[in-house]
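Worksheet: the structure to be examined is printed underneath.
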Amino acid sequence: MEEEQGLGDVWEANIKDLPTEHQEAALRKDSIDEGLAEDLVSSDGRAVEHLSEGLISHYLPSLQSSKVALQELTQNQVVLLDTLDQEISKFKECNSITDINALFTEAKHYHNKLVNIRKEMMMLHEKTTKLKKRALKLQQKKQEENLRQEQQRERELEREKQLTAKPAKRT
């Protein structure tokens, strides 16, 4: 409503610059639509220029302020998009940190498994070493026993030979 009143003021101010016959036609509300094209053609260029300047001077400040506001909004959007990109990268970084933590947890688990396997291998090595020593001792005892038995047999054979009758020697 205020804009229409502002246009009316601009219109009336610019009508004063028109020739008298055109001023009367412009002020009549019922004849605005009738013969508008004829009036514009017949009016001189100066009147059209004044009306255009009035119209432009009325709308130009609000258009310029709208342009500035749009530029500010665009700039703010760019800032918001940059901030949003930074936040997205932070979330991605958090996800990668979570993945890294999971990898460290898994590595710790496998490290513990390796430590346990190493302990078992050392224990098995000690057992096999003890078993080898025991087997060697048993083998040595068995060899000694076999040697003793062999010596015992030889002694018994020797004794039997000595106990058996010998033919007398002829001299």
Side-chain angles (χ1 to χ4, degrees), residues 1-11 13-14 33 36 40 48-171:
M1 213 56 186
E2 292 176 12
E3 199 171 292
E4 289 178 15
Q5 288 176 341
L7 279 176
D9 295 338
V10 170
W11 184 262
N14 287 325
D33 291 337
L36 184 62
L40 287 176
V48 172
E49 188 178 318
H50 280 285
L51 288 173
S52 299
E53 286 177 7
L55 190 62
I56 289 173
S57 67
H58 178 72
Y59 283 111
L60 190 61
S62 63
L63 287 174
Q64 286 175 339
S65 65
S66 295
K67 181 181 177 182
V68 169
L70 283 173
Q71 286 174 341
E72 288 177 14
L73 283 173
T74 304
Q75 187 177 5
N76 287 341
Q77 276 184 331
V78 169
V79 170
L80 283 174
L81 286 174
D82 288 342
T83 305
L84 188 60
D85 285 341
Q86 290 172 357
E87 292 300 319
I88 288 171
S89 65
K90 285 180 185 177
F91 280 121
K92 286 180 182 177
E93 195 174 300
C94 286
N95 286 340
S96 65
I97 287 173
T98 304
D99 293 342
I100 290 171
N101 286 337
L103 286 174
F104 276 120
T105 303
E106 191 175 354
K108 184 177 180 181
H109 173 72
Y110 285 116
H111 176 73
N112 288 338
K113 276 188 168 186
L114 286 172
V115 168
N116 289 337
I117 290 171
R118 185 171 184 234
K119 285 179 184 177
E120 285 182 36
M121 288 178 68
M122 290 175 68
M123 185 178 66
L124 289 173
H125 178 71
E126 288 176 12
K127 283 184 178 181
T128 55
T129 305
K130 287 179 183 178
L131 285 173
K132 284 179 182 178
K133 286 181 182 178
R134 185 173 173 209
L136 185 61
K137 284 181 184 178
L138 286 174
Q139 187 179 13
Q140 288 173 349
K141 282 185 181 183
K142 183 74 172 174
Q143 286 174 352
E144 288 173 6
E145 183 67 29
N146 287 341
L147 183 61
R148 230 184 1 243
Q149 285 177 357
E150 186 67 33
Q151 288 174 351
Q152 181 71 26
R153 247 188 265 135
E154 284 178 14
R155 275 184 271 161
E156 285 178 12
L157 283 174
E158 189 67 35
R159 190 170 174 222
E160 279 183 29
K161 275 186 183 180
Q162 287 177 359
L163 289 176
T164 53
K166 293 183 184 177
K169 289 187 183 181
R170 294 186 194 180
T171 43

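For Gln152, the side-chain contact (heavy atoms from CB on, under 4.5 Å) partners are Arg155, Glu156, not counting sequence neighbours. Residues satisfying the side-chain contact (heavy atoms from CB on, under 4.5 Å) criterion with Asn95, sequence neighbours excluded, are absent altogether. Among residues two or more places apart in sequence or in another chain, the side-chain contact (heavy atoms from CB on, under 4.5 Å) test is passed with Leu63 by Tyr59. With sequence neighbours left out, the side-chain contact (heavy atoms from CB on, under 4.5 Å) criterion links Glu150 to Arg153, Glu154.
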N/O donor to acceptor pairs below 3.5 angstrom from side-chain atoms of residues 123-138, sequence neighbours left out:
| from | atom 1 | to | atom 2 | distance (Å) |
| --- | --- | --- | --- | --- |
| Thr128 | OG1 | Leu124 | O | 3.1 |
| Thr128 | OG1 | His125 | O | 2.8 |
| Thr129 | OG1 | His125 | O | 2.7 |

Side-chain atoms of residues 104-120: list all donor-acceptor pairs with protein atoms under 3.5 Å, sequence neighbours left out, distances to 0.1 Å.
| from | atom 1 | to | atom 2 | distance (Å) |
| --- | --- | --- | --- | --- |
| Thr105 | OG1 | Asn101 | O | 2.9 |
| Asn112 | ND2 | Lys108 | O | 3.4 |
| Asn116 | ND2 | Asn112 | O | 3.4 |

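The only option from Arg148, Gln143, Lys142, Glu144 that meets the side chain to side chain contact (heavy atoms under 4.5 Å, CB included) definition with Asn146 turns out to be Lys142.
Taking CD1 of Ile56 as the start and CD of Glu49 as the end, the distance is 9.5 Å to the nearest 0.5 Å. To the nearest 0.5 Å, atoms CG (Leu80) and CG (Asp85) are separated by 11.0 Å. Going from atom SG of Cys94 over to atom CG of Asp99 covers 11.0 Å, rounded to the nearest 0.5 Å.
Ionic pairing of Glu93 and Lys90 is not present here: no N-O contact between side-chain nitrogen and carboxylate oxygen is shorter than 4.0 angstrom.
In the displayed structure, Gln151 atom CD is contacted under 6.0 Å by more than 12 heavy atoms of other residues, nucleotides or ligands.
Looking at heavy atoms from C-beta onward, Ile88 lies in side-chain contact with Leu84 at the 4.5 angstrom threshold.
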**OP:** Walk me through it: do Val68 and Gln64 pass the test side chain to side chain contact (heavy atoms under 4.5 Å, CB included)?
**Re:** CA-CA 6 Å; Val68 169; Gln64 286 175 339; 5.6 Å; no

